[in-house]
Amino acid sequence: LAVMLDQRRSGTGLLTSQATRRALDRSLPSLGVAVVGAVVAVSLLAGQALAGAVPRSGYLAWRTSTSLTGEYLGSIQYNPFVGIRQSLVSSSTVPVFSARVEGGVDPRTVYWRLLTLDSFNGRQWHVGSGTGIASIDDIDAFEAPSTAFRGPVTRVTSTVTIAQLQMDWLPAPYAPIAFSSPDRTVDRSLRVKRDDGSLRFDALTYRGMSYTVISQVPVPDLRVLSLGDDGNPSVVFAAAIEDGAFDPGDEPPEYTTRSLPDRARFLDLPDDIGNRIPNLARQQVVGLETDYERGLALEAFFKMGSGFQYSTQIVPGHSATDLEAWLLDPSSPNYRVGYCEQYATAMGVMARAVGIPSRVVLGFTPGSYADDGTFVVRDRNAHAWVELWMPTQGWVTFDPTPRGDGVNPGALETIPFPVARYLEVALPEPGSPTQPTLPGQTPLEEDPTTDPSVATTVPTTAGENASPGLPVPLQALGLGLLVVALVAALPVIKWGRRRSRVRRLEDGDIGAAWVEIVDRLTDLGEGPPLTATPAEIARRAMPALAPLAVIYARAAYGPPGTPSAEDVAAAGESFQDTEFQIVGRYSLGRRIASRYSLRSLRGRPGRRTVSRRRPRTGRPPRHDGA
C-alpha cells in the first residue's frame, strides 16, 4: 500500500494541487502505522481463533531432547501423541525421574502414567477435544466416579523427584487419589484430567521438583472378568475350568455392570480406515464371548506369533508410517517390526474395530532399582500401552509390545494358565454356524455397486405376457419392473457368488479365492488362457495375485493334504489385495460393465476348487480354477 501511494504521489499526484499533495504526504506515515497495526491485530486474532483447529499431534517428534552433548546438560520432553510414525528411537540411559514406592504392590510392576490418548486420526493417537480438565480445588475425586475402577485396588504411595524430565504432565501410578508437594506453587498449579485422573502441571517440570502422590492401583478380578453376560464362565475360562487349570472359587463373585460415559468417543475411528484392519481384528476374536477374552486374543496376536518382532532398529520415513501397510503388507518397510508406539497404536485401533472401547496410555515402564531404595526411570523406559473398558471393572491394562526382557507385563501375564491354548479352542469348527456379529461389524469387502437386499427372483409375468385385461400404464409399469429386475439380477448373482466363495475361503477352500479372481478378470475381458500356469497368470495380471497363485498351485499340485492356517490367511490377504488393485487399475465404468458380463457365468469344463476340509482325489484341477 505504501509503495502504491508513493508511486501515485510521484506520478499523477504531480498534477494535483500543492495542498492536496501536502495532505497526502502527511497521511502516508499514519497509513503505514495503520497497516502494521491491522496486520498485527489480524495475525494475533486469527492465530488465537485457529489454534484449536491445529492439533498437537502430528507436527512434533515424539521425543524432544534439549541436550547439548548427547545425554548431558539438557532435558527431555515427550509430546502427547502416539502413532505409527516410528520416532521413539532413543535408548539413552538419561534419568528422567526417580521415585520411592511404598505400599502393597511390587514396585517392579508399577507403570508410570503421564496421560491417556482417546482420539485416533488415522495415523496417531492424541487427546481429543471432549476431555475436561479441572482445578484440584474444584473436584471431590481426581478421576470421575463414572469411569473410576470398580474392582480390587492396592494403595500405593509414591514420592517422585524430577531429574531431566521437562513436561506439563506429571508421572504417577494410576489412579491418583491424593497429591501434595513441599513447593506450594506446585499445588496451586495442579489440574486434573477428569476421565483418567492424569495430573496436569500449569508449567514445566524442573530438575529437583518433588511431590507425593497416593494412588489406588487396580488389581483386576479374574473371577469377575471370566464371566459372560449370563453370569456363567465364558468360553475360554470354561475350558480352563474343565481342565482344572483355573479355579473360580466356591462362591460366585459380586459385581455390577455399568456403561461407559461418552462411549462413542472411545469407539470412534476415521471413515477412511478401510476394511482390512477391521477384518484382521475380527479374525483374531472369532468365537470369543466377552470383551476381556477378545482383549486377551488381540494381545496374544501381537505377543505370541504372527511374525511380530520388537526392535528399535527401524527404518524411519514417510513410506513406513501407514498402519495398514505395517500390519498387512509384507513389502512395507518395517513390516510387523517396531516398538511400543506401533503395537499400542495397532491394538487400540483393532480393539475399536471389534467394538471394545479403547485408549492408548503414554508413560513409562517401572524402571530399575537403585542402591538407595528408589527406582530410577530413564529415557529408555518411555512406553505406550493400551487400556480397554470392561463394564464389570473399568479400564484394564493390556500391553501388546512383544519385548523379550519381560519389563512390560500385560494382561496375559496375569492369567494363571496358558491362555493362548484356550483361545484356540474357541475357534469354530469348519461347517459350524456363523458366529454372531460383533458390534460395528460389516461384511467382508462387499461390492458397493450391488445391493444385497435386492431379490434375485425374476418375475415371470410382464410385458406381452401380462394379463390382457390390465390397463396399459400397469403393463408399462410391469415391463419397467422386469427391466429393473433384469438389470439388478446379474450383479446380485455375482455378489452372492462372491459371498459364497469368501465364506468357503474362510473355511479353508483356497481354490474358491482363485476361481473368484479368475472370474473377475474374465468379466473384465482379460481372462487368462487355459494353458497358463498360476504363476504366469499372476505375472500377467498383477503383483498382488502372486502369493495366492503360489499357495493355490502348491495345494493343487502338491501332495494331498490340508492347507495350513497360515496358507489360508496368506491366501485371504492376497485375495483382498488383488481386489484392491483391480479397483485401482480399472475405471468405474469398466468395473460396472463387468458386472453385466456373461463370460464367467458360461462355465468352464471341470470346475474344481481346493478345499481344506475335503482331501483331494483323482486328477488335479486346471491352473485357472476351471
Side-chain angles (χ1 to χ4, degrees), residues 120 122 228-229 234-236 263 266-308 323-329 336 343 345-358 386 388-390 398 400 419-420 422-448 452 498-509 512-513 565-577 579-580 612:
F120 182 71
D229 294 338
S234 56
V235 58
V236 169
R263 179 184 175 90
F266 297 95
L267 288 171
D268 183 54
L269 288 174
D271 294 336
D272 59 354
I273 196 67
N275 287 329
R276 298 186 65 197
I277 294 178
N279 287 344
L280 177 65
R282 293 166 195 152
Q283 290 171 12
Q284 310 314 312
V285 303
V286 63
L288 303 178
E289 297 177 348
T290 66
D291 285 349
Y292 187 63
E293 288 181 344
R294 296 178 187 121
L296 292 174
L298 292 177
E299 187 180 88
F301 171 65
F302 292 104
K303 277 193 167 181
M304 296 184 174
S306 304
F308 290 100
L323 177 60
E324 181 177 297
W326 184 80
L327 274 171
L328 294 165
D329 184 2
R336 295 192 176 184
Y343 290 104
T345 295
M347 181 171 174
V349 171
M350 290 175 69
R352 290 191 175 189
V354 295
I356 308 175
S358 67
V386 178
L388 305 182
W389 176 261
M390 302 297 142
F398 293 79
V419 69
Y422 293 94
L423 289 171
E424 293 178 359
V425 303
L427 296 177
E429 295 296 329
S432 63
T434 303
Q435 293 297 318
T437 300
L438 297 171
Q441 181 169 335
T442 56
L444 291 179
E445 304 276 344
E446 289 186 0
D447 193 317
R498 181 191 178 280
R499 286 290 303 275
S500 173
R501 289 171 176 172
V502 167
R503 285 194 293 268
R504 286 158 55 194
L505 171 61
E506 293 171 347
D507 288 340
D509 192 345
E566 290 77 13
D567 280 350
V568 174
E573 290 184 12
S574 177
F575 174 78
Q576 293 184 13
D577 290 343
E579 289 197 321
F580 279 129
R612 175 177 166 181

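Predicted model, so just to flag it, every value in this text is computed and none were measured. Side-chain atoms are counted along with the backbone in the values below, which use heavy atoms only and exclude waters and symmetry mates.
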Rounded distance [0.5 Å steps], [atom1] in [X] versus [atom2] in [Y]:
{"X": "Leu423", "Y": "Glu293", "atom1": "CG", "atom2": "CD", "result": "7.5 Å"}
{"X": "Asp229", "Y": "Asp291", "atom1": "CG", "atom2": "CG", "result": "8.5 Å"}
{"X": "Gln284", "Y": "Met347", "atom1": "CD", "atom2": "CE", "result": "11.5 Å"}
{"X": "Glu299", "Y": "Phe398", "atom1": "CD", "atom2": "CZ", "result": "6.5 Å"}
{"X": "Leu328", "Y": "Glu573", "atom1": "CG", "atom2": "CD", "result": "5.0 Å"}
{"X": "Phe580", "Y": "Asn275", "atom1": "CZ", "atom2": "CG", "result": "6.0 Å"}

Any salt bridge between Arg276 and Asp577, counting N to O under 4.0 Å? yes
Going by an N to O cut-off under 4.0 Å, is there a salt bridge joining Arg504 and Asp507? no
For [X] against [Y], the heavy-atom pair lying closest together:
{"X": "Arg263", "Y": "Pro357", "answer": "NH1-CG, 3.5 Å"}
{"X": "Gly348", "Y": "Ser358", "answer": "O-OG, 2.9 Å"}
{"X": "Leu288", "Y": "Val235", "answer": "CA-CG1, 4.3 Å"}
{"X": "Pro278", "Y": "Ala353", "answer": "CA-CB, 3.8 Å"}

Please tell me if the side chains of [X] and [Y] come closer than 4.5 Å, counting only heavy atoms from C-beta onward.
{"X": "Leu323", "Y": "Ile277", "value": "yes"}
{"X": "Arg294", "Y": "Leu388", "value": "no"}
{"X": "Glu324", "Y": "Asp329", "value": "no"}
{"X": "Leu505", "Y": "Arg501", "value": "no"}
{"X": "Val386", "Y": "Pro400", "value": "yes"}
{"X": "Val502", "Y": "Phe575", "value": "yes"}
{"X": "Phe120", "Y": "Val349", "value": "yes"}
{"X": "Leu327", "Y": "Phe302", "value": "yes"}

For Ser234, does its backbone N or O pair with a side-chain atom of Glu289 as donor and acceptor, under 3.5 Å? no
Angle class for the Trp326/Phe308 ring planes (parallel below 30°, perpendicular above 60°, tilted otherwise)? tilted
Applying ring pair (Phe, Tyr, Trp, His ring centres under 6.0 Å), name anything that partners Phe266, two or more places apart in sequence or on another chain. Trp395
